[in-house]
Amino acid sequence: MGLRKDPRAPHHSHARGGALHAGHAALAAWLVLPLVPLVLWAAADRWTAPAVLPQAWGTAGLRDAVDAGAGTGFLRSTVLGLVVAALATPLGAMAGRALATHRVPLGGAVLAVLLSPLVLPPFAVALGLDVLLLRLGVPSPVGVVLLLTVAALPYTTVLMRAAYAAHDRGFEDEARTLGATARQTVFHVQLPLLAPALAGAAFLAFLVGWSDYVVTLLVGGGQLVTLPLLVASAAAATGNEAQVAVLSLSSVLPPLVLLVAVGLVGRRARA
Amino acid sequence: MSGTLELRGLTRVHAAGQPPALAGFTLDVPAGSCVAVLGPSGSGKSTVLRLTAGLDSPDGGSVLLDGRDLAGVPPERRGMAMVFQRPLLFPHLSVRDNVAFADRVRGVPRRQARERAEHHLELVALRGYGDRPARALSGGQEQRVALARALAAEPRVLLLDEPFSALDTTLREEMHDLLADLRVRLDPTVLLVTHDPAEADALADTVAVLDGGRLQQAGPMRELYAAPASLAVSRLLGGRTEVPGTVRDGVHSSVLGALAVPRPVPDGPGVLVVRPEAVRVTSPADPAADATGTVVRVRRRGLRALVAVEVPGPGGASVEAELATGEELPAGRTVGLVLPVADRAVVPPVDGTPSDAARSPISHG
């Protein structure tokens with residue numbers, strides 16, 4: 001039911017449809033092509049210079065990646081991404097709501113502060129705060145989560161601010177007069193209506209945690225070995241390209257899966 | 001199901017320093033009646049509904065339901081349901097679950113809530129539409145679902161905020177018929193807000209005219225047409241003829257001459273207003289004619305024509321008259337005008353505070 005097409009949607013002309021399809025194909029190629037050599041490398045036991053395709057296929061890359069700790073790294077990155085998303089999404093939603101409803105004095109200045117992590121070089125921020133966190137005695141994994149949550153806030157805030165600005169408060173007024181409490185209104189009306197935006201914000205926040213390198217390395221002090229750290233160290237070491245390819249693929253695929261999931265949520269909400 | 005609503009001196013100031021959106025508004029809505037609040041946009045009429053529903057809180061005055069003061073009672077516990085100009089159907093729910101919403105948040109089991117929703121969809125002639133997504137409906141159907149959803153909440157007072165204004169004429173009349181039918185079957189108490197006198201006339205037992213946040217006049221529509229209390233009321237109801245003059249001993253003197261006024265009016269300056277439907281156009285030689293003048297403009301209005309007649313004199317005066325069906329008059333023709341005594345009304349010259357009599361609440365629906 002959710003995916004049923006809106007009967008009022010305008011029909012595209014054939015010419016426009018064709019151009020659209022060509023555009024989609026180009027975009028897909030743009031995204032997929034860089035992955036092709038990665039996939040080939042991941043399954044290559046031997047692939048030397050002049051050959052167009054690997055000379056020997058195998059699972060040596062996968063074995064090496066698992067030996068290097070890909071499994072636990074994958075798990076750590078997932079947990080880190082989820083924790084950052086779980087913190088930055090509700091915070092961004094609250095900040096976005098407050099900013100969109102103009103209940104914040106000097107809203108522009110507050111927004112600028114919230115956006116500042118985008119402007120400041122993460123390396124400098126991480127180095128500076130590392131010292132502070134050490135002095136305060138904050139455990140390094142907590143420090144990593146804190147910093148990455150702040151880094152994810154600009155994305156979730158901006159996205160949720162736009163969502164709340166487009167959100168019609170009339171739906172909530174209507175729900176209240178129909179007998180819904182303020183709490184029921186949030187859970188039965190506001191959140192379902194904002195689900196696509198929330199999914200998008202959570203996705204972006206997850207990516208911040210999932211893909212971070214600098215903060216995890218500097219503040220985590222090498223204790224929190226996530227997938228990006230493994231990829232970097234494997235890529236910096238001797239040429240085991242198959243292992244690097246497997247590690248890279250395992251850090252690319254989860255966001256892709258999530259992206260499709262978020263897209264589906266959005267489509268269901270618009271149907 | 002239906003309750004008695006009393007609004008007592010409701011005042012609301014949106015922002016400090018600005019004139020109040022609503023000032024000392026008093027209105028009675030007897031159980032089972034339909035009362036319309038009629039006013040131009042920005043007159044504060046939507047504020048009346050928001051204060052009644054508890055969506056905003058008044059800066060003064062009170063809302064009473066069956067004699068109980070609702071101050072501090074949140075919207076969900078007031079026993080009111082509102083239908084807005086926009087249908088506001090929840091897009092993530094089917095038509096049936098939209099109608100079942102009030103029952104569901106009250107904790108009625110899903111199955112039972114859906115059965116009741118089906119019943120209310122039948123009431124608005126949308127049987128079989130329950131499975132559709134809320135967005136797959138036309139504008140008129142959406143507003144029917146919104147009405148069914150509000151009725152399913154079994155409100156003690158049904159609040160309608162310009163619910164049919166966005167619909168085209170045919171659909172609007174269908175909705176008027178539907179609402180009249182629902183009133184007969186369910187006997188709800190209805191407080192309606194509209195800017196359209198025809199809609200107020202078609203739906204309401206009594207009408208309260210609001211302008212600039214103040215109640216101008218309240219009573220049955222017929223009474224408002226016959227004896228508007230102010231220029232604002234006269235204009236809002238489509239009155240076009242306004243002849244300034246002076247009243248003395250129940251006679252209004254102006255360019256049109258000395259005309260007796262049917263109702264007692266205080267002596268002093270006053271504006272004579274008369275509805276175009278009431279004015280009769282006759283020959284200039286007709287002894288019954290109250291004044292003579294020249295047709296300066298003819299406007300078509302369906303089968304009838306609306307003519308503006310310029311009466312000469314100091315300052316001059318323009319009187320508008322609706323001709324009988326099929327009657328034609330060219331511009332430039334000299335005609336006589338009959339202003340029947342019963343249809344004459346005199347209002348205060350400046351559009352200001354209405355008389356105390358107009359402020360009194362509606363006594364009965």
Side-chain angles (χ1 to χ4, degrees), chain A residues 1-11 93 101-105 107 160 162-200 202 261-271, chain B residues 46 49-50 52-56 73-108 113 131-139 146 148-161 163:
Chain A
M1 176 182 90
L3 297 177
R4 191 178 298 169
K5 268 205 153 180
D6 186 345
R8 287 175 298 178
H11 292 285
T101 49
H102 307 290
R103 281 184 304 190
V104 185
M160 291 314 295
Y164 274 110
H167 177 66
D168 190 342
R169 285 291 304 274
F171 284 111
E172 286 161 52
D173 288 344
E174 178 67 40
R176 291 301 293 277
T177 70
L178 289 172
T181 61
R183 202 185 143 79
Q184 283 175 322
T185 303
V186 169
F187 285 99
H188 292 298
V189 176
Q190 191 190 114
L191 288 183
L193 287 179
L194 292 168
L198 283 169
V262 169
L264 285 178
V265 170
R267 265 181 80 175
R268 182 176 306 161
R270 282 193 305 273
Chain B
S46 289
L49 285 195
R50 292 188 67 83
T52 307
L55 294 171
D56 290 325
V73 177
E76 66 269 20
R77 286 176 45 209
R78 291 194 169 210
M80 305 193 185
M82 179 117 96
V83 178
F84 292 89
Q85 183 176 347
R86 292 161 296 151
L88 294 172
L89 299 186
F90 303 126
H92 57 289
L93 299 178
S94 66
V95 166
R96 180 182 297 109
D97 286 341
N98 261 282
V99 180
F101 184 86
D103 275 347
R104 290 294 291 142
V105 293
R106 267 188 298 200
V108 174
D131 286 327
R132 300 202 185 186
R135 292 201 177 166
L137 298 177
S138 70
R149 179 175 62 175
L151 290 171
E154 298 193 326
R156 300 188 60 72
V157 179
L158 181 62
L159 304 173
L160 305 176
D161 189 357

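Below, chains carry the letters A, B, ... as their sequence lines are ordered, and counting in each starts from 1.
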Would you mind checking which part of [X] comes under 4.5 Å of any heavy atom in chain A, side chain (CB onward), backbone (N, CA, C, O), both or neither?
| X | value |
| --- | --- |
| B:L89 | backbone |
| B:R86 | side chain |
| B:A153 | side chain |
| B:M80 | backbone |

Worksheet item: Is chain B contacted by the side chain of A:D168, its backbone, both, or neither, given a heavy-atom distance below 4.5 Å?
Response: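 A:D168 touches chain B through side-chain heavy atoms alone.
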
Worksheet item: For A:A175, is it the side chain, the backbone, both or neither that has a heavy atom under 4.5 Å from a heavy atom of chain B?
Response: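 Both parts, backbone and side chain.
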
Min side-chain heavy-atom separation [X]-[Y] under 4.5 Å:
| X | Y | value |
| --- | --- | --- |
| A:E174 | B:R149 | yes |
| A:T181 | B:V105 | no |
| B:P91 | A:L193 | yes |
| A:H188 | B:F101 | yes |

Fill in: Flag, side chain of B:E76 to backbone of A:T177, donor-acceptor distance under 3.5 Å
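Not confirmed, B:E76 side chain does not pair with A:T177 backbone.
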
Worksheet entry | Short side-chain to backbone donor-acceptor contact, B:H92 and A:L191, under 3.5 Å |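 Side chain of B:H92 to backbone of A:L191, a donor-acceptor pair under 3.5 Å: no, none is there.
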
Please round to the nearest 0.5 Å and tell me the distance separating atom [atom1] of [X] and atom [atom2] of [Y].
| X | Y | atom1 | atom2 | value |
| --- | --- | --- | --- | --- |
| B:R106 | A:Q184 | CZ | CD | 11.0 Å |
| A:R169 | B:L88 | CZ | CG | 12.5 Å |
| A:L178 | B:F90 | CG | CZ | 6.0 Å |

